[in-house]
Amino acid sequence: MVVQARHMAVTANPFALPPLPYPDSGLEPLISARTLQLHHGAHQKGYVDKVNQLVADTAFAQMSLRQIMLATSAKPDHAALFENAAQAWNHDFYWRSLKPKGGGVPPPALKGQIEASFGSVDALKKSIATEAAGLFGSGWVWLVADGPRLRVLPTHDAGNPLVDRHVPLLVIDVWEHAYYLDVQNRRAEYVHGILENLVNWEFAATNASGAPATGLA
Ligand code: FE
């Protein structure tokens, strides 16, 4: 019993809220410092805290967030753990999908993949905007690699394409908490602003190359 208690103490609260990769004001004017403070410090923190609560004294405490997602996906008994672990992972991926002074032209290899799959970078942007506009309620719009082909996929609520064996390259959070303080209900304006000024094509290119994205559990 003593050994077990010590073991459990070591694994208490195994997940920490990762810091943002830029200052709170780094995505202004489209995404305000106030939105980032709440989105990161309250919403994402809430998911991380909940995961820590749910994994306490279980084998899940030894896993990464990615391993928890894959182990709990489509398991009704573990729905709350899946949702909170996926939301914690998705937000970390979202912060890295954006950067101050982003946008512009994707690196050459990724641009070639985009053109092969969508025809042009503009056609990809249009597809992302269309999926974001059409997603009812809360969710995410992803650029993923499905084998050699790139695809735009929406997921609802906490959904994550890793569970369908797709490789995520980029994501845009389209839950209202991501944009409501700044542009109220104008989701299209938020998505357009990201694609033109904040999207981190280098992060997508790293993910497309198969190299592990730093910082993601
Ligand atoms: Fe969010």
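Ligands are counted one by one from 1 in listed order, and the atoms in each one are counted from 1 as well. All values derive from a computational prediction rather than experimental measurement.
Applying the salt bridge (charged side-chain N to carboxylate O under 4.0 Å, His left out) test to every pair with at least one member in residues 148-165, sequence neighbours left out, gives these pairs: Asp146-Arg151.
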Test log, rule ring pair (Phe, Tyr, Trp, His ring centres under 6.0 Å), inputs His91 and His40: CA-CA 8 Å; His91 280 88; His40 176 252; 9.4 Å; no

Using the rule given for side chain to side chain contact (heavy atoms under 4.5 Å, CB included), can you reason through Met63 versus Phe60, listing the C-alpha separation, both sets of side-chain angles and the distance that settles it, and then say yes or no? CA-CA 5 Å; Met63 296 184 184; Phe60 293 113; 3.7 Å; yes

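Ionic pairing of Lys125 and Glu196 is present here: one or more N-O contacts between side-chain nitrogen and carboxylate oxygen are shorter than 4.0 angstrom.
For Lys126, there are no salt bridge (charged side-chain N to carboxylate O under 4.0 Å, His left out) partners at least two apart in sequence or on another chain.
Connectivity analysis of hydrophobic side chains (ILVMFWY, heavy atoms under 4.5 Å, direct or indirect) links Val105 to nothing; its cluster partners are none.
Residue-and-atom listing of protein N/O/S atoms under 2.8 Å from the Fe ion (ligand 1), sorted by chain and number: His39 NE2, His91 NE2, Asp173 OD2, His177 NE2.
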